[in-house]
Number of protein chains: 2
Amino acid sequence: MEEKAFRRLLEDKTAEAEVIIKSFLPEETGYQRTVIEALNYSILAGGKRLRPILMKETCKMFGGDERFIEPFMAAIEMIHTYSLVHDDLPAMDNDEYRRGRETTWKLYGDGMGVLAGDALLNYAFETAFEAFKLADCEEDYRRISWALAFMARKAGIYGMIGGQTADVEAEKMNETLTTERLLFIHEHKTAALIQASMAAGAILAGASKAQVDDICRCAYNIGVAFQIQDDILDVTGDSMEMGKAVGSDESNNKQTYVTVNGLDNSYRAVEKMSEEAVRILDSFDMENEFLRELILMLVHRRR
Amino acid sequence: MEEKAFRRLLEDKTAEAEVIIKSFLPEETGYQRTVIEALNYSILAGGKRLRPILMKETCKMFGGDERFIEPFMAAIEMIHTYSLVHDDLPAMDNDEYRRGRETTWKLYGDGMGVLAGDALLNYAFETAFEAFKLADCEEDYRRISWALAFMARKAGIYGMIGGQTADVEAEKMNETLTTERLLFIHEHKTAALIQASMAAGAILAGASKAQVDDICRCAYNIGVAFQIQDDILDVTGDSMEMGKAVGSDESNNKQTYVTVNGLDNSYRAVEKMSEEAVRILDSFDMENEFLRELILMLVHRRR
């Protein structure tokens with residue numbers, strides 16, 4: 001696919017995801033209006049909507065009729081957003097700005113920052129449950145409930161929250177981190193929601209257990225490679241899309257895959273994982289050109 | 001029912017709920033061990049387990065076979081617990097002790113307090129989804145997904161979080177609160193999870209839409225009466241079970257139903273709502289002696 005054509009497609013799909021997400025947002029009314037405003041402010045801060053796009057494209061690859069996908073697309077973005085809202089809190093990273101705007105707690109106060117994050121996580125599940133209203137046979141229920149359970153697990157202590165915890169603890173450690181621990185953090189903090197996105201898309205399309213396992217390994221490689229590439233770009237510059245300053249890990253004394261394993265090994269790891277992700281994707285032998293390009297863009301940030 | 005017999009039954013049912021809740025708790029292992037320890041510490045802090053008990057008793061009253069009830073009992077207690085963990089945070093009420101023990105953030109740090117609350121809310125849904133594994137027909141799926149959607153709504157911006165928000169905002173207001181706003185806060189902050197508990201029990205037992213609506217009105221009356229009684233006890237003393245000091249609302253300058261409407265009107269409101277709750281319960285014409293006693297105990301705190 002030509003770069004220009006890919007860029008245009010990606011823009012269209014981002015705009016489409018934006019419309020879908022907005023269609024599920026709550027109305028700003030009632031005595032609880034402030035928390036709803038804070039919720040909407042948080043999720044409408046922009047963002048590339050990569051998780052919903054990955055979900056829908058995976059669903060399409062498996063020939064899904066996409067009936068159930070829209071509430072799940074909104075839900076995964078809400079989960080991603082709540083994690084940013086709580087990460088930014090004074091009790092966590094204490095960040096006052098994100099994507100050039102004030103963070104939620106900075107604008108609404110830190111109590112409301114806690115509540116807005118809670119509201120987003122809870123509302124993510126409320127939104128995904130909307131899919132049940134479209135179910136009209138046992139197989140529909142089976143798929144929706146499987147996708148829900150998968151998504152919830154990858155968001156919780158065995159997924160994103162687990163990775164967050166290991167990361168917070170690693171920052172307090174004096175000894176050099178093991179590669180095993182670094183990979184645990186990258187897998188859980190970053191890859192888990194990519195896995196949730198792609199696997200939910202596959203499950204809702206009717207993929208088999210074996211296919212979902214494969215998609216999960218594909219998403220693992222994408223997520224971890226993405227994160228190691230992040231560590232590389234922090235050292236080498238070129239961090240146009242990352243939203244953080246070059247060298248910020250170093251100035252924070254943060255241990256990363258690069259500081260622990262060196263730049264050469266990091267390049268090799270990204271290359272190997274990127275190849276593995278594409279190999280798995282191609283093994284399905286289904287039309288997936290846009291998804292393939294998207295994965296390569298995500299991992300290498302070349303485009 | 002004699003008081004002694006009721007007391008003994010309540011103790012048995014509390015112990016039974018405790019065993020059920022414990023059976024769903026995660027193992028303390030892995031790089032994310034700290035957040036799991038904090039999660040378990042929070043939920044094992046004691047507590048009367050009233051919501052799971054109300055859920056199970058309502059399910060029994062409707063003749064439910066109780067197959068699906070156990071994961072939901074654990075889930076509602078996790079939701080209740082996460083709300084306490086986040087309420088106690090420095091960003092919210094800044095409480096260092098609860099039930100005679102250090103609060104979660106005080107023991108594990110405020111970052112981990114945020115994460116442990118998030119983990120509990122997410123794990124509540126993971127736990128409730130366990131019920132799907134026991135589903136073996138479309139009707140089973142229909143009941144479980146209805147109960148889930150109901151519970152989630154009553155926990156979120158249209159339920160507990162909505163009430164929390166209105167409460168936080170009310171504390172910053174200078175003018176006298178309207179009775180409408182006070183009732184909104186009590187309904188959402190307190191009654192919503194009682195409604196979730198009782199309605200989920202009814203739904204899982206196969207109750208009709210009309211019956212669930214009735215149970216909801218019953219639970220509304222219980223929850224709001226409970227909260228007004230709380231306001232009364234804060235003024236009159238006798239707050240043995242409340243876990244807060246007598247007169248604490250007054251010393252906080254907190255506006256309550258009593259400060260706004262006076263003690264006599266408050267007594268009358270509790271009496272009226274308590275009668276209404278019992279009237280609805282009795283209208284079902286089903287065996288419910290223990291549940292009836294439990295409701296009266298909850299509202300009047302006489303026992």
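All heavy atoms count here, side chains included; hydrogens, waters and symmetry mates do not. Every chain is numbered from 1, with letters handed out A, B, ... down the list of sequences.
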* To do: Could you tell me which non-hydrogen atom of Val114(B) sits nearest to which non-hydrogen atom of His86(A), and how far apart they are?
  => CG1-ND1, 3.7 Å
* Output yes when a side-chain donor or acceptor of Gln32(B) lies under 3.5 Å from a complementary backbone atom of Ile157(A), and no otherwise. => yes
* Please look at Arg142(A) and chain B and tell me whether the side chain, the backbone, both or neither of the residue comes under 4.5 angstrom of a heavy atom of that chain. => both
* **Parallel, tilted or perpendicular, as decided by the 30° and 60° cut-offs, for the rings of Phe125(B) and Phe125(A)** => parallel
* According to the interplanar angle, ranging from 0 to 90°, do the rings of Tyr141(B) and Tyr141(A) count as parallel (below 30°), tilted (30 to 60°) or perpendicular (above 60°)? -> parallel
* Asked: Side chain, backbone, both or neither: which part of Ile36(B) has a heavy atom under 4.5 Å from chain A?
  -> side chain
* **Contact class of Leu89(B) relative to chain A, heavy atoms under 4.5 angstrom** => side chain
* Could you tell me which non-hydrogen atom of Leu121(A) sits nearest to which non-hydrogen atom of Asp118(B), and how far apart they are? => CD2-O, 3.9 Å
* Asked: Just checking, is any N or O donor in the side chain of Glu180(A) or Tyr31(B) under 3.5 Å from an acceptor N or O on the other one?
  -> yes
* **Approximate separation, where rounding is to 0.5 Å, of Ile144(B) CD1 and Phe132(A) CZ** => 8.5 Å
* Asked: Side chain, backbone, both or neither: which part of Tyr158(A) has a non-hydrogen atom closer than 4.5 Å to chain B?
  -> both
* Structure fact -> In terms of heavy-atom pairs under 4.5 Å with chain B, the winner among Glu126(A), Met92(A), Arg33(A) is Glu126(A)
* Any idea which heavy atoms bring Asn122(B) and Gly156(A) closest together, and the distance? -> ND2-CA, 3.2 Å
* Structure fact -> Whatever's closer than 4.5 Å to a heavy atom in chain B on Asn94(A) counts as neither
* chain B contact via Met151(A) - which portion, at a heavy-atom distance below 4.5 Å -> neither
* When rounded to the nearest 0.5 angstrom, what is the spacing between CE in Met112(B) and CD in Gln164(A)? -> 9.0 Å
